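Working notes, structure below.
The basis for the numbers below is simple: all heavy atoms, side chains too, and nothing from hydrogens, waters or symmetry mates. No experiment lies behind these values; they were computed from the predicted model shown.
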Amino acid sequence: GWALQKPDQTIDPATFQRMHAAGELLLNHKYNGHRLHIVTAGASTRLYSRNGAVDKTALLPHLVAQYASAPHGLIIDGEAHVEAEGTSAYQAAENNNPEDVLFTAFDLIDLAQKHVDLGYAYRLAKLHRVQEMTGGRVAQAADLKPGASYEEAL
């Protein structure tokens with residue numbers, strides 16, 4: 001399938017300290033919900049689960065409308081969630097009030113790019129431009145002071 005690489009969910013303290021000291025670590029808030037890929041194609045924009053097996057397009061038409069104006073041929077990777085913490089809050093919204101479901105993006109692949117390995121900084125910059133255009137949300141990096149501990153990051 002076309003699913004993007006799953007980000008690291010856990011990291012041991014020693015690896016954290018080494019990567020943080022080297023400036024190789026980007027941390028952001030993890031929302032509780034469902035991983036979602038938005039594949040942009042104008043009015044034919046589709047929403048899929050991470051592995052592409054579940055089509056959520058009909059369930060979340062407000063997200064389709066939001067991303068219909070984005071450039072065609074993007075896979076926007078992120079988390080469908082609600083403001084309240086917890087997967088049960090997300091599930092309740094999906095079942096009863098799907099318009100309450102939000103989407104926060106954390107990565108983007110441009111299918112038209114012949115060389116997609118342009119680095120995360122490039123993809124993040126393009127993601128910010130697309131989100132500004134559509135009014136979408138981008139996961140914000142945590143502001144950790146230099147030398148912050150593993151416990152402070154958590």
Original post:
When you measure from the side chain of Thr57 to the backbone N and O of Leu47, does any donor-acceptor pair fall under 3.5 Å?
Top reply: yes
**OP:** Please answer whether the main-chain N or O of Ala89 pairs with a side-chain N or O of His81 as donor and acceptor at a distance below 3.5 Å.
**Re:** no
Original post:
So do the side chains of Pro71 and Met133 get within less than 4.5 Å of each other, counting heavy atoms only?
Top reply: yes
Original post:
Does Tyr90 have any ring pair (Phe, Tyr, Trp, His ring centres under 6.0 Å) partners at least two apart in sequence or in another chain, and if so, which?
Top reply: His34
Original post:
Does the distance from a Lys or Arg side-chain N to an Asp or Glu carboxylate O, for Asp77 and Arg35, drop under 4.0 Å?
Top reply: yes
**OP:** Answer whether the closest heavy-atom distance between the side chains of Glu151 and Phe16 falls below 4.5 Å.
**Re:** no
**OP:** Could you tell me the separation between the CD atom of Glu99 and the CG atom of Asn96, rounded to the nearest 0.5 Å?
**Re:** 10.0 Å
**OP:** Output the distance between atom CG (Asp107) and atom NZ (Lys126), rounded to the nearest 0.5 Å.
**Re:** 12.5 Å
Original post:
Taking all non-hydrogen atoms of both residues, which atom of Thr40 and which atom of Tyr67 are closest, and how far apart?
Top reply: CG2-O, 4.2 Å
Subject >> With sequence neighbours excluded, residues passing salt bridge (Lys or Arg N to Asp or Glu O under 4.0 Å) with Asp100 >> reply: none
**OP:** Work out which heavy atom in Val138 is nearest to a heavy atom in Gln131; give both atom names and the distance.
**Re:** CG2-CG, 3.2 Å
Original post:
So, for Leu59 and Glu94, which heavy atoms are closest and what is the spacing to 0.1 Å?
Top reply: CD2-CG, 3.1 Å
**OP:** Using a 4.5 Å cut-off on heavy atoms from C-beta on, say whether the side chain of Ser149 contacts that of Gln17.
**Re:** yes
Subject >> Minimum heavy-atom distance between Arg123 and Leu108, given as atom pair plus value >> reply: CD-O, 3.1 Å
Subject >> Point-to-point distance, once rounded to the nearest 0.5 Å, from CG of Leu63 to CD1 of Ile76 >> reply: 10.5 Å
Subject >> Which atom of Leu102 lies closest to which atom of Val82, heavy atoms considered >> reply: CD1-C, 4.4 Å
**OP:** Give the minimum heavy-atom separation between Ala43 and Ala68, together with the two atoms involved.
**Re:** N-CB, 4.4 Å
Original post:
To the nearest 0.5 Å, what is the distance between CZ (Phe103) and CD1 (Ile38)?
Top reply: 4.0 Å
Subject >> Point-to-point distance, once rounded to the nearest 0.5 Å, from CG of Asp110 to CG of Leu127 >> reply: 12.0 Å
